[in-house]
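Have a look at the structure below before the remarks.
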Amino acid sequence: MEKRESFGSGFGVLVAMAGSAVGLGNLWRFPYLVGTNGGAAFIIIYLAFVFLLALPIMYSEFIVGRRSQANVFGAYKVLAPKTGWCNVGLVYVMASLFIISFYCVVGGWTINYFWKSVTFRFTTADTAVLGDMFNNTVTSNSEPLIFMLIFLIATALIVMAGIKDGIERYTKVMMPILFVIVVVVAVRSVTLPGSAAGLEFLFKPDFSLVTGKTLLDALGQAFFSLSIGCGTIMTYGSYVSKKENIAGLSAQTAMTDTLFAIIAGLAIMPAVFAFGISPSEGPGLVFVTLPYIFAQLPFGAFLAILFFFMLFIAAITSSISQLEVIVSYLIEEFRMSRKLAITLSVSVITVFGVLCSLSQGTLADVKIFGYNFFDFFDTTSANILLPLGGFFAVIFVGWKMKRPDVVDEFTSGGMRKYSRFFLNFSYYSIKYLAPIVVAVVLISGLI
Ligand code: PFF
């Protein structure tokens, strides 16, 4: 078996975690969920979930990962030997597999659209033409599959290079670029004439549209966007040295991700309203609406290149974290080499990815529980598997681990001095608050 790797620095851990969190969830999924769920009310509920749940669940995943120094399955085996807890690890592996299967399809669209922007294909300001362009892009039986494969191979190459020389090295360069680009696009969007309606949509809530489904969507989005509940943080946490600050890293990751979601909202919604488009376009929002907008702006062609490049970077820094969950599990539990583990997982993901991609066209009528493959993988992972994974993590840390062990890990063996209040608050959020909120929303949403 290979020697266990680790991150090179605290900053490296932070950018890797933030890189995992900030992704298509912020730039592609969040805006269309906000649009289809009525705007500001959804955002407020989303923020409440982030605030209530993100930290306790992140702490728990971190504690399990770092204390055990093992993959998601092995971690529970180390901390609770001879119990059934290790099977929880399989929920994470399955969630990661489901997510990356549709994520790589959208990742492929981002490369495709980046290519289209570089070759100046968004010159028309006709939404029908752009709508058709998107439709053709995603429903074809060949083009999206090729781009999906390119995306997967790029992901695999980074993961192949390992933690410090792959994941850490690339995210360190890509994340700052991403931040600068999103701010540039947001500034342009907010300064368009007529953008005020978009700001109102983002910040003035109408709670009459809120249903159980809205709550579940917001919960699922919070989990999805923060990459919690599928073992990413547990896996990254297992490569982190004892001296790093769990509370600080978690809070910084959650803040970065939330800030990004809001800035992404500012980059998209004001422009959508300024051009009189419906915000409830759905998943096509960034791929149809934005090219339309770019086509009409001065320097729009340049902004389009920046924007789709940014989408691609955001996507790949997240997909590597999904792949690492699966790969580390295979390496450590089945004694595979990294190369074999990656080859095997990418092969399975390719099969699932092809199904997800074809479900946009040829296989549109093949349904599982009423969903096509793409929506099935998306909805079951975000709305069911991730909340379940998060639930198990907090239950494990709050109820199965001994409190002194939890505190020892949380404080890096007593190295970090926290007030009694902060320690108690964090511990009881893990033990009571997080599991109750997740259970209630999950059950009510499913009913
Ligand atoms: N957080 C990522 C995003 O917002 O796009 C998606 C994601 C990454 C989900 C990694 C789950 C995960 F393990």
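Each ligand, and each atom within it, is numbered from 1 in the order the structure gives.
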For ligand 1, indicate whether the residue [X] contacts it via side chain, backbone, both or neither (heavy-atom separation under 4.0 Å).
X	value
C230	side chain
I99	side chain
S321	side chain

Determine whether the side chains of [X] and [Y] contain a donor N or O and an acceptor N or O closer than 3.5 Å.
X	Y	answer
T317	T171	no
T343	R338	no
S20	S318	no
T137	N112	no
Y92	Y76	yes
S238	T235	no
E324	Y239	yes

With only distance considered, is [X] within less than 3.5 Å of ligand 1 through an N or O on each side?
X	value
A21	yes
V22	no
S96	no
S225	yes

(request) Taking only heavy atoms of G25 into account, list the atoms of ligand 1 that are under 4.0 Å away from them. (result) 3 (C), 4 (O), 5 (O)
(request) Would you mind listing which atoms of ligand 1 come within a distance below 4.0 Å of any non-hydrogen atom of N26? (result) 4 (O)
(request) For residues A18 and T256, report the shortest heavy-atom separation together with the two atoms involved. (result) CB-CG2, 4.2 Å
Write out the residue and atom name of the closest protein heavy atom to [atom], then the distance separating them to 0.1 Å.
atom	value
atom 13 (F) of ligand 1	T232 OG1, 2.5 Å
atom 7 (C) of ligand 1	Q322 NE2, 3.4 Å
atom 1 (N) of ligand 1	F224 O, 2.7 Å
atom 2 (C) of ligand 1	S20 O, 3.2 Å

(request) Answer yes or no for Y103: is there a heavy-atom contact with ligand 1 below 4.0 Å? (result) yes
(message) Taking the cut-offs as 6.0 angstrom to the six-membered ring centre and 45 degrees off its axis, would you call K116 and Y113 a cation-pi pair?
(response) yes
